[in-house]
Amino acid sequence: MTQTSVIATHTRAGVRTLTLNRPDRLNAANDELLLALTDELRAADTDSAVRVVVITGAGRGFCAGQDLGDVSGRGMTFTEHLNATYNPLIRTIRALGKPVITAVNGVAAGAGASLALSGDIRLWAQSASLIEVFSNIALVPDSGSTWFLPRLVGYHRAFEMMALADRVRADDALRLGLCEQVFPDDTFAQDVQAYAERLAARPANALNLTKQALNAAMTGTLDQALDEEARLQQLAGDHWEHEEGVSAFKEKRPAQFVRDVNSPDQ
Ligand code: LHQ
């Protein structure tokens, strides 16, 4: 376990867990936290021992959005602040060459809600909730909420959530497609780790290319998606993982997609 003041980090079985660590403030984000989290994500991306990244929160909150008591960003305009901190963080998550799980252990509000939605996989504790809280302080949803949310729930429900800032609880979040799984509070950390380890055993190169394909398809046409699939499929098919998957199928055994991290082609 390594620890800066704001992000606690530990790695187990190919899973790097980054824990937002300002529990007294429900992990509300200041610049230090946002920049440290972005740095940790970039480090995880280039570390061959890491196959999956988990972002979660310490204590009873996931992230309460911008720390409203911290004025460190206020030497800048709102636009400059977003461009310097939140936007690079969200872009880093979406571009990361490894799956990112947002493990939403408690309330996710404002930019914290955007962060919760930004993962490739979203796992919630039963007591977690999400609030598009921005309009309570007469701001516009940011950090990607205006992009993520209508794609998940449609324009009208997204607008309602943003305009009224009602709390969405886990059962509704699952029904609305804001998360993939809900786990009991008392086993949440273990359940997330087990889920992440299952993902870590999957073919890392193929998942990276799948993420690239889906990201491109989210903003493109069918023609573009077909071309991109054809391009990326070549990269997948040329990789040892594909050969291993086919061999395992023929030999009627489980595929072994995890090799020694020191292996040159890993
Ligand atoms: C907090 C916070 C917080 C500081 C709880 N700050 N202390 C981007 C760029 C530039 C500028 C502006 O914004 C943005 C993006 C954004 O994220 S804007 C949205 C900012 N976030 C909010 O407005 C959320 C404010 N918090 C809340 O509405 C509630 O705390 C929620 C609904 C999250 C949780 O409610 P409760 O479970 O009832 O907890 P609580 O309110 O009692 O909070 C516990 C403590 O955490 C409390 O401190 P205290 O010393 O009284 O125990 C809060 O003051 C503190 N806290 N959020 N964002």
Side-chain angles (χ1 to χ4, degrees), residues 4-8 18-39 41 55-94 100 102-119 122 124-150 152-153 158-173 176 178-179 182 185-186 188:
T4 66
S5 57
V6 285
I7 304 289
L18 307 175
T19 304
L20 314 189
N21 194 27
R22 304 186 73 222
D24 295 348
R25 291 278 163 274
L26 303 179
N27 304 311
N30 57 15
D31 288 1
E32 185 190 4
L33 181 145
L34 295 165
L35 297 175
L37 180 57
T38 306
D39 281 351
L41 285 160
I55 300 173
T56 194
R60 74 176 177 89
F62 174 70
C63 175
Q66 170 65 32
D67 187 328
L68 298 175
D70 189 300
V71 293
S72 56
R74 290 300 165 86
M76 297 183 258
T77 65
F78 282 88
T79 303
E80 288 167 345
H81 189 196
L82 286 169
N83 284 334
T85 54
Y86 289 94
N87 290 353
L89 169 61
I90 300 298
R91 287 189 172 111
T92 299
I93 291 169
R94 296 308 321 136
V100 177
T102 43
V104 183
N105 54 298
V107 65
S114 306
L115 178 63
L117 295 174
S118 73
R122 293 83 40 91
W124 281 34
Q126 186 64 55
S127 65
S129 60
L130 180 144
I131 315 174
E132 290 288 339
V133 75
F134 303 88
S135 62
N136 283 353
I137 55 170
L139 286 181
V140 171
D142 62 27
S143 308
S145 264
T146 64
W147 195 86
F148 297 121
L149 203 55
L152 295 165
V153 301
F159 185 79
E160 183 185 50
M161 285 171 63
M162 292 166 174
L164 296 181
D166 285 334
R167 190 186 288 257
V168 180
R169 297 190 185 276
D171 292 342
D172 285 335
L176 289 166
L178 304 186
C179 63
V182 176
D185 287 348
D186 54 357
F188 184 61

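When a ligand or atom number is given, it counts from 1 through the structure's own listing order. Positions are given from 1, in the same order as the sequence printed here.
Close approach of ligand 1 to Y86 (heavy-atom distance below 4.0 Å) involves ligand atoms 8 (C), 9 (C). Within the listing of ligand 1, atoms 32 (C) sit less than 4.0 angstrom from a heavy atom of I131. Taking every heavy atom of I137 and a limit of under 4.0 angstrom, the matching atoms of ligand 1 come to 18 (S), 19 (C). Close approach to G65 involves these atoms of ligand 1, each under 4.0 Å from a residue heavy atom: 17 (O). Close approach of ligand 1 to L139 is summarised as follows: ligand atoms under 4.0 Å from at least one heavy atom of the residue are 12 (C), 13 (O). Within ligand 1, the atoms closer than 4.0 Å to a non-hydrogen atom of F78 are 10 (C), 11 (C), numbered from 1 in the order shown.
Residue, atom and distance of the protein heavy atom nearest to atom 28 (O) of ligand 1 are V133 CG2, 4.1 Å. Among all non-hydrogen protein atoms, the one lying nearest atom 44 (C) of ligand 1 is R60 NH2, 3.6 Å. The shortest contact between atom 35 (O) of ligand 1 and any protein heavy atom is with R167 NH2, 4.1 Å. Summary of contacts: the protein heavy atom closest to atom 49 (P) of ligand 1 is R25 NH1, 4.0 Å. Atom 15 (C) of ligand 1 has as its closest protein heavy atom D142 OD2, 3.3 Å. The nearest protein atom to atom 4 (C) of ligand 1, hydrogens excluded, is given as D67 OD1, 3.2 Å; this is a heavy-atom distance. In terms of protein heavy-atom proximity, atom 13 (O) of ligand 1 is nearest to Q66 CB, 3.4 Å.
In this structure, the side chains of D39 and I7 stay at 4.5 Å or more apart for every pair of heavy atoms. Between L130 and M161, some side-chain heavy-atom pair lies under the 4.5 Å cut-off.
In this structure, the side chain to side chain contact (heavy atoms under 4.5 Å, CB included) partners of E80, at least two apart in sequence or on a different chain, are M76, T77.
Using a 4.0 Å threshold on non-hydrogen atoms, atom 57 (N) of ligand 1 counts as touching the protein. Within a 4.0 Å radius of atom 32 (C) of ligand 1, the protein contributes at least one heavy atom. In this structure, atom 51 (O) of ligand 1 is not in close contact with the protein, since no protein heavy atom lies within 4.0 Å of it. Distance remark: protein heavy atom not present below 4.0 angstrom from atom 54 (O) of ligand 1.
Nearest-residue assignment for atom 21 (N) of ligand 1 (options A109, G110, A64; heavy-atom criterion): A64. Considering each of D24, L68, N136, D70, the one bringing a non-hydrogen atom nearest atom 23 (O) of ligand 1 is L68.
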Would you mind writing out the side-chain donor-acceptor pairs for residues 105-112 within the sub-3.5 Å range, not counting sequence neighbours?
| unit_1 | atom_1 | unit_2 | atom_2 | d |
| --- | --- | --- | --- | --- |
| N105 | OD1 | T56 | OG1 | 3.4 |
| N105 | OD1 | G57 | N | 3.0 |
| N105 | ND2 | G57 | O | 3.0 |
| N105 | ND2 | G59 | O | 3.1 |
| N105 | ND2 | G61 | O | 2.9 |

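Residue contacts with ligand 1 do not include T85, since none of its heavy atoms lies under 4.0 Å from the ligand. At least one heavy atom of L26 sits less than 4.0 Å from an atom of ligand 1.
Using a 4.0 Å cut-off between heavy atoms, H81 contacts ligand 1 through its side chain alone, with no backbone atom that close. Residue contacts with ligand 1, taken as heavy atom pairs separated by less than 4.0 Å, involve A28 solely via side-chain atoms from C-beta onward.
Across all non-hydrogen atoms, the minimal contact from S143 to I90 is O-CG1, 3.4 Å. Shortest non-hydrogen contact noted between R122 and C179 is O-CB, 3.4 Å. A pairwise comparison of heavy atoms in L35 and T85 identifies CD2-CG2, 4.3 Å as the closest pair. Among all heavy-atom pairs drawn from A113 and E132, the shortest one is CB-OE2, 4.0 Å. In this structure, L149 and L178 approach most closely via the heavy-atom pair CD1-CD2, 3.7 Å. The two residues F134 and S145 come nearest to each other via the heavy atoms CE1-OG, 4.3 Å.
The structure places OG1 of T102 at 5.5 Å from CZ of F62, a figure rounded to the nearest 0.5 Å.
Here R22 pairs with D67 in a salt bridge; the nearest charged N to carboxylate O distance falls below 4.0 Å.
In terms of polar-atom proximity, defined here as any N/O pair under 3.5 Å, A111 does make such a contact with ligand 1.
Counting only distance, with no hydrogens or angles, the side chain of D70 and the backbone of N30 share no donor-acceptor pair below 3.5 Å. For the pair S135 (side chain) and M162 (backbone), a donor-acceptor distance under 3.5 Å is present.
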